[in-house]
There are 2 protein chains.
Amino acid sequence: MLRQAFFSVNAQSVKQVETSAQVSGSQGKSQGRRTTIYDIAELAGTSPSAVSAILNGSWKKRRIAETTAQRVIDIAEAEGYARNLQASALRSDRSNVIGMIMPKYDNRYFGAIAEQFEAKARARGLFPVITCTERDPELEVAAAREMIGYRVDCIIATGATDPDRITRTAAAAGIRTLNLDLPGREAPSVISDNYNGARELALLLLDRIGPASGPLLFVGGRGTDHNTAERIRGVRDAHEARGLALPESHVLTCGYASDKAQSALDTLAFDVPEALFVNSTISLEGVVRWMRSNGQTLPFGCFDWDPFAALLEENVGMVKQDVTALVSTIFDRLDEPSGEADVIQIPCILCTE
Amino acid sequence: MLRQAFFSVNAQSVKQVETSAQVSGSQGKSQGRRTTIYDIAELAGTSPSAVSAILNGSWKKRRIAETTAQRVIDIAEAEGYARNLQASALRSDRSNVIGMIMPKYDNRYFGAIAEQFEAKARARGLFPVITCTERDPELEVAAAREMIGYRVDCIIATGATDPDRITRTAAAAGIRTLNLDLPGREAPSVISDNYNGARELALLLLDRIGPASGPLLFVGGRGTDHNTAERIRGVRDAHEARGLALPESHVLTCGYASDKAQSALDTLAFDVPEALFVNSTISLEGVVRWMRSNGQTLPFGCFDWDPFAALLEENVGMVKQDVTALVSTIFDRLDEPSGEADVIQIPCILCTE
DNA sequence: GCAACATGCTACATCGGTTGTGCAATTTGC
DNA sequence: GCAAATTGCACAACCGATGTAGCATGTTGC
């Protein structure tokens, strides 16, 4: 690790910059003291309540003269005023913050959800706050509690291990929750149609390896997880549709970590089947590492899409979840009267080639 | 899209659940009214200030009897009390929130930064808030302003297009900023050693295609971006070290979008060089799509690592940025006395195989 | 010329905590 | 047995914004 002045000293392609203009430390001329409506009121010769009304836009209906408003707005601008949202939220009991609890950031699916959630939240004038809980149920509740402490308007629990616990915790403070990706029983949910997505992909795989090749190997996910269960059901029904059975031994729900998938395959007690159904891109990492280190090349399909995994030669197809539809549907449900705790399922997109 | 009661009706592998226990809507028995220290004080027969001290841990130095403390704690527990952090932060002027501004979530580098940032922040008792600004300078400042409104203790600007603008905006409110991944002039920065990472990878590529093969083609990134400039410098010096020149025509700084990379290659005015230096995994997506659709297979190296891209047959090497070191160094700098606006560079890891 | 009304603003209580100050009640010192 | 010290807590003044209630002016109606 090397430490140096701004722009490496030996940088030739980068213009050397004058250091005279540097602000020392983080203090500008306005030292620490943040401007409040009281400061502005004094400067403008009005009352704090007028300033408040003017700066939060409610001044028209409070009959404040346009000239006063403009004067205050100009001063606020000049002083670099930023409303203290804590104080505002405390008083008005509306934080305008919407929280999302997210298991991981290590795949495109959750990344896309995060980005679209933020964009849609901002479009509604809400401030999005995402927090990642590493699939740890304790951390999920802790994060929910923290968000409750900030009095967020709503919490969206994405892929939560125990969504109902989050719902109950939040409900105790009068805060709504919605479930995304994994369903809960006590709050409205929006998830993918895991069953049909998995069924289609399994059929594709089975037809690729031909009728005499026996069952697929299902790798990854948690057996207790609703989506994994639905996907297994889809894969099983696909086998049935082709006159095959999927034995229990061929379902390796070894969790979501890639190492787990790799070691599950390493310690397989029977001959490796002719194709694999992989239950997440993370598991797929382990699967491909295993294939590479064993010189195997087995065709696989994967539930979840990744641009580079899609280009691997062994790839037969990937199920892409419809993130745009998922996120916009969850926002639609925000507007529901505080609706029923039912589940909306969104069809997936099968990407072949 | 289909809508149905919890757990699909035709689900066979999933236990049917009794619906009697369902909470209707989001209201539990405790309807909306959140418990405050005043409620608890009344229940415990003490004063609100005692409750406050007990529940925020400062009760020992306020000499409050252990028995009283335990009684209050038990009541708080039973009532499901959650401290109003807005009020708390408002009064104490410490929000315990640390903000991060992030350009995208669509690659492993930023995903890993986000996860490690959150973990480290929580380990310090801070609440991490990340917001993604889609590489839009306006959105960056808007997000910073919003965080300032919430009086975050510090803002970390990751890969910011205009970090100094963020620093100045925050400084006006007395809030510190730090720069990660891309350096700024007015706040402490921690970035990767882009020059040496790029140089090493370029040497690897040049040696792979042999001495007579001419220059590489550099694809992706923004020319104005410090890291891209440093990487170009590294690539250029690598050429020089092998007695080659890197002509301007061979530097395609077409931005970070994958489509841009693809179309830049499609409209190339000269013969494609024998190997590519790709400046991000996102650009690499476009590059690989272009190769696939043109039947080309060119060896490439990429600055930034992706587990599946690493497994593509054309891959020669990937530069993995040391996220653990980057994030822990940025947290170290948080503790500096409010230090100099200098840049610390972290070496990268070259992944071949 | 005076009531009635509109206009443009101010005063003040409030949201839920935090914290310096102070004061009884109890314990200790001698 | 009385002063000094300690223990255990309550009071009240905030933090910054919001919104209701109200109070001066000026304007209109007749």
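Convention: sequence-line order gives letters A, B, ...; per-chain numbering from 1. Owing to the predicted nature of the structure, the values given are computational and were not obtained by experimental measurement. Heavy atoms only: backbone and side chains are in, while hydrogens, waters and symmetry mates are out.
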Is atom CZ of Arg145(B) surrounded by more than 12 heavy atoms (other residues, nucleotides or ligands) closer than 6.0 Å?
no
[atom1] of [X] versus [atom2] of [N]: gap in Å, rounded?
X	N	atom1	atom2	answer
Ile64(B)	dA24(C)	CD1	C1'	16 Å
Lys61(B)	dT7(D)	NZ	P	17 Å
Asp39(A)	dA17(D)	CG	P	9 Å
Glu42(A)	dG16(D)	CD	C1'	15 Å
Ile54(A)	dG19(D)	CD1	C1'	15 Å
Arg71(A)	dC9(C)	CZ	C1'	11 Å
Arg63(A)	dG22(D)	CZ	C1'	11 Å

If only side-chain N and O atoms count, and only distance matters, is there a donor-acceptor pair under 3.5 Å linking Ser52(A) with Arg91(A)?
no
Side chains of Glu140(B) and Thr161(B) only: does a donor on one sit below 3.5 Å from an acceptor on the other?
yes
If the helix axis at each end comes from five base pairs, how far does the helix from dG1(C)-dC30(D) to dC30(C)-dG1(D) deviate from straight, to 10°?
40°
To the nearest 0.5 angstrom, please state how far the NZ atom of Lys120(B) sits from the CG atom of Leu126(B).
13.0 Å
Quick one: are Asp181(A) and Tyr109(A) in side-chain contact, heavy atoms under 4.5 Å?
yes
Arg71(B) side-chain N/O to Ala44(B) backbone N/O, donor-acceptor pair under 3.5 Å
yes
Report, as a single string ordered 5' to 3', how protein heavy atoms within less than 4.0 Å touch nucleotides 14-20 of chain C: B base, S sugar-phosphate only, - not at all.
BBBBBBB
Lys/Arg N to Asp/Glu carboxylate O, Asp93(A) vs Arg151(A), below 4.0 Å:
no
Where is the tightest heavy-atom contact between Cys132(B) and Tyr105(B), given as atom of each residue plus distance?
CB-CE1, 3.5 Å
